[in-house]
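Note that ligands are numbered from 1 as they come in the structure, with each ligand's atoms numbered from 1 the same way. Here, residue 1 is the first one in the sequence, and each next residue gets the next number.
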Amino acid sequence: MADPEALGFEHMGLDPRLLQAVADLGWSRPTLIQEKAIPLALEGKDLLARARTGSGKTAAYAIPVLQLLLHRKATGPAVEQAVRGLVLVPTKELARQARSMIQQLAAYCARDIRVANVSATEDSASERAVLMEKPDIVVGTPSRVLNHLQQNSLVLRDSLELLVLDEADLLFSFGFEEELKSLLCHLPRIYQAFLMSATFNEDVQALKELVLHNPVTLKLQESQLPGPDQLRQFQVVCQTQEDKFLLLYALLKLSLIRGKSLLFVNTLERSYRLRLFLEQFSIPTCVLNGELPLCSRCHIISQFNQGFYDCVIATDAEVLGAPVKGKRRGRGSKGDRASDPEAGVARGIDFHHVSAVLNFDLPPTPEAYIHRAGRTARANNPGMVLTFVLPTEQPHLGTIEELLSGESALQSLSSAHVAVVGGSAWGPVRREQAEVRTREAEGLRKGKRFWEMGMGLVVSPRDPGRGSPVGGRGVLP
Ligand SMILES: Nc1ncnc2c1ncn2[C@@H]1O[C@H](COP(=O)(O)OP(=O)(O)OP(=O)(O)O)[C@@H](O)[C@H]1O
């Protein structure tokens, strides 16, 4: 959280039109990364910035980019209209989101600054038409931008002044290494560059060497996730896969998870299975993954943000297909043939007002945990992460905890918060949950193949429940 004594937006020498837009967004003060990055960027420094997910990195580069371009237009010599800012992001959703944020910040100077997203459609003809008007800022994925550079519908060699690489740690792992290297050959020798990332890894280091010149490194000494006062984290040990379905059902049906939630699973198949399971009990959800066409993904995110759905079942970038260096991920991998290589659900997407992230399946890596958790408790909002873990997965969760050691996750994912379903320990959970578990255990003890759940519901793994899909009986996957 930002220091109340910190430099406010009004003291950064920003154009009044930008200040007005910031005020309209309801931002009373900059986040920590914005407070540190904006003044340095305005001084003309190259930046390598690491700040935790959800900390407002987009505006940390968008505000100085807009300010520098506005200042140039107002005070510099009159020159031909040209593309002067380029923002590269790893996915199409992020391109859409970054453009939308830049446009909101440029709301009061829309006549002076035009922003185009070249990853918005599959139709390069319409993009070429947009590029012919030479927008001030172009946003896109490296492959789409390179495509336009190679076709000469975008020329940056003489005009580019500002380059941003957002979610930099993903750009290489999404297979954009070759495209990025080719793209850099189309840029001028001198430009100011910002590299934004939630994590620093060897890919970020490699990118730093490729694009930055004597950068200032901002490695904020904050934990990768918000503290326990803002983000509460729990784990539940479930004895079997079935227990996970039962527990989720109980949590949702008994409204123990309130507000909007994101449910993360590790495979596409699981996401559809979970959706079917919840549908049987009239719990509406929608599925979001890289197999869906871009317009559907954007529609789902926008509907979720507008409150049409309370639950989205998502697979995240890391599990849609393990990132392979030098190769575009996802393509051709089993079970994910049609997936869009430029789609990533967990990373960077600004789902609005998510009160809970539920790791139905254990995240495969600590990074995946952080990025899933980062969909809640964004900016200064509160949030909760609940992770279901099977006994066999506990060592893996231990590794995640270890790698997050010193972070808030380590404290919060402690045994004090552990509840064991169908086992002996039961942590600080609500009474309703405990009752569900007691009845379930009773059913198991009596050798019954069903679990009696709250609200008089019977869920049977053997009974397909056909003919009564809603409310009464349902089938466990
Ligand atoms: N100064 C601010 N005050 C309040 N809210 C803010 C501020 N700056 C940004 N936000 C909001 O915080 C949310 C997260 O911002 P943003 O998406 O830029 O974060 P991020 O650091 O890029 O996250 P990620 O790494 O997940 O992409 C957005 O909804 C944004 O509108």
Side-chain angles (χ1 to χ4, degrees), residues 1-4 6-12 14 18-19 21-38 47 49-66 87-105 107 139 164-171 174 194-201 204 218 220 222-226 230-231 260 262 301-302 304-306 314 316-318 344-354 357 367-383 385:
M1 218 173 280
D3 169 5
L7 194 66
F9 286 116
E10 64 284 7
H11 299 118
M12 291 178 175
L14 299 176
L18 293 180
L19 289 176
V22 164
D24 284 3
L25 285 164
W27 300 352
S28 51
R29 56 172 199 261
T31 61
L32 189 58
I33 184 67
Q34 291 163 0
E35 183 206 324
K36 304 288 177 212
I38 295 172
L47 290 184
R50 188 199 87 169
R52 74 171 174 234
T53 182
S55 60
K57 291 189 288 298
T58 317
Y61 68 75
I63 290 176
V65 165
L66 289 168
V87 178
L88 296 174
V89 292
T91 69
K92 292 172 184 172
E93 284 92 343
L94 283 172
R96 190 173 148 273
Q97 202 171 282
R99 183 203 184 216
S100 158
M101 172 58 62
I102 299 170
Q103 266 186 326
Q104 287 180 65
L105 289 166
V139 182
V164 178
L165 283 90
D166 196 7
E167 300 282 342
D169 54 337
L170 272 193
L171 282 167
F174 269 47
F194 311 131
L195 218 146
M196 320 297 290
S197 184
T199 47
F200 277 178
N201 57 19
V204 176
L218 286 174
L220 299 189
E222 55 179 4
S223 59
Q224 294 192 61
L225 289 170
Q230 194 186 345
L231 179 69
K260 295 203 277 183
L262 286 177
I301 293 166
S302 137
F304 180 76
N305 284 343
Q306 289 174 54
D316 49 5
E318 288 80 359
V345 173
R347 294 296 302 264
I349 299 294
D350 191 23
F351 294 100
H352 295 173
H353 310 299
V354 175
V357 163
E367 289 78 22
Y369 183 94
I370 290 168
H371 283 284
R372 288 179 181 188
R375 298 314 103 202
T376 185
R378 290 174 78 77
N380 298 324
N381 296 314
V385 182

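Ligand 1 places these atoms under 4.0 Å from at least one heavy atom of R52: 21 (O). Less than 4.0 angstrom separates some heavy atom of T58 from each of these atoms of ligand 1: 16 (P), 17 (O), 18 (O), 22 (O). The distance from ligand 1 to the heavy atoms of R378 drops below 4.0 Å at these ligand atoms: 14 (C), 16 (P), 17 (O), 19 (O), 23 (O), 24 (P), 26 (O). For ligand 1, the atoms lying closer than 4.0 Å to a non-hydrogen atom of R29 are 1 (N), 2 (C), 3 (N). Near M101, meaning under 4.0 Å from one of its heavy atoms, ligand 1 places the atoms 31 (O). Near Q34, meaning under 4.0 Å from any of its heavy atoms, are these atoms of ligand 1: 1 (N), 2 (C), 7 (C), 8 (N), 9 (C).
Atom-to-atom distance recorded for Q230:CD and L225:CG is 10.0 Å, nearest 0.5 angstrom. Here the straight-line distance linking atom CG of L66 with atom CD1 of I102 works out to 6.5 Å at 0.5 Å rounding. L88 CG to M196 CE: the interatomic distance, rounded to the nearest 0.5 Å, is 14.0 Å. For the atom pair CG (D169) and CD (E367), the distance works out to 8.5 Å, reported to the nearest 0.5 Å.
Judged purely by distance below 3.5 Å, without hydrogens or angles, the side chains of Q306 and S302 pair a donor atom with an acceptor atom.
Proximity of M196 to ligand 1 is not established, as no heavy-atom distance is less than 4.0 Å. Assignment of H371 to the shell around ligand 1 is not supported, since no heavy atom sits closer than 4.0 Å. The shell of residues lying under 4.0 angstrom from ligand 1, judged by heavy atoms, excludes H352. Ligand 1 is approached by S55 to a heavy-atom distance shorter than 4.0 Å.
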message = The test is side-chain contact (heavy atoms from CB on, under 4.5 Å); show your working for E167 and L94 and say whether it passes.
response = CA-CA 9 Å; E167 300 282 342; L94 283 172; 3.7 Å; yes
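When non-hydrogen atoms are compared, ligand 1 lies under 4.0 Å from the backbone of K57 as well as from its side chain.
In this structure, K260 forms a cation-pi arrangement with F304, its terminal cationic atom sitting closer than 6.0 Å to the ring centre and no more than 45° off the ring axis.
Contact of the L195 side chain with the F200 side chain is not registered, since no non-hydrogen atoms from C-beta on lie closer than 4.5 Å.
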